[in-house]
Amino acid sequence: MRKKFNDIDLNRSVGNLLRLGVILSVAVSLVGFVRLFVEGYKMPVNFKALDMTTENIFTKFWKDLLRGEGMAIIQLGILLLILTPVMRIIFALAGYLKEKDYTYVVISLIVLGIITISFLTGYA
């Protein structure tokens, strides 16, 4: 006989997801800090060099990450930390759908929509 999925299971799973996200973020950031220390990172003297478009920022981030540069690894850790609560909402949404708790499904979808809109319009 299969055990029914309940609120306690959902809360425990969501808590584990949040813990995993934070631990992963911290671990990735620590690797980035060690790598940055080994590279001997120096702050740019000319701050006009930092003036980039959004497309250039993301392209530079992925290229630097593929090269294993410390600053990009730290940025990946921060990105993981930002995405952890978003994953929590998605995970909880799936749990609410499984429980057929449609009030919380609607609330989760509204929160997810607000976060998505804020992410997409944040660089405008």
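Remember, predicted model here, so these are calculated numbers, not experimental data.
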Of all heavy-atom pairs between A72 and F61, which one has the smallest distance, and what is that distance? O-CE1, 3.3 Å
How many angstroms lie between atom CZ of R88 and atom CG of L17, to the nearest 0.5 angstrom? 9.0 Å
Residues that R35 engages under salt bridge (Lys or Arg N to Asp or Glu O under 4.0 Å), provided they are two or more places apart: E39
CE of M87 to CG of L20, rounded to nearest 0.5 Å, is 10.0 Å
Spell out, yes or no, whether L66 and L80 are grouped together once hydrophobic residues are joined by side-chain heavy atoms under 4.5 Å, including indirect joins. no
Side chain to side chain donor-acceptor pair (under 3.5 Å) against Q75, all qualifying residues, sequence neighbours excluded: none
Can you give me every donor-acceptor pair (side chain of residues 105-117, partner residue at least two apart or in another chain, under 3.5 Å) with its distance?
residue: S108; atom: OG; partner: Y104; partner atom: O; Å: 2.8
residue: T116; atom: OG1; partner: L112; partner atom: O; Å: 2.8

Hey, is the main chain of G77 close enough, under 3.5 Å, to the side chain of S25 for a donor-acceptor pair? yes
How long is the span from the CZ atom in F91 to the OG1 atom in T84, to the nearest 0.5 Å? 13.0 Å
Please check if the number of heavy atoms outside F33 that lie under 6.0 Å from its CZ is greater than 12. no
Inter-residue atom distance I73.CD1 - I78.CD1, 0.5 Å rounding: 12.5 Å
Which pair of non-hydrogen atoms, one from L36 and one from M71, has the smallest distance, and what is that distance? CD1-N, 3.7 Å
Given a cutoff of under 4.5 Å between side-chain heavy atoms of I, L, V, M, F, W and Y, with clusters grown through shared members, what are the other residues clustered with V22? V26, L30, L81
Taking only residues at least two apart or on different chains, which pairs with a member in residues 65-79 satisfy salt bridge (charged side-chain N to carboxylate O under 4.0 Å, His left out)? D64-R67, R67-E69
Taking only residues two or more places apart in sequence, or in another chain, which ones meet N16 in a side chain to side chain donor-acceptor pair (under 3.5 Å)? R19
Could you state whether I90 and L83 fall into the same hydrophobic cluster, counting links through intermediate Ile, Leu, Val, Met, Phe, Trp or Tyr residues with side-chain heavy atoms under 4.5 angstrom apart? no
To the nearest 0.5 Å, tell me how far L79 CG sits from L65 CG. 9.5 Å
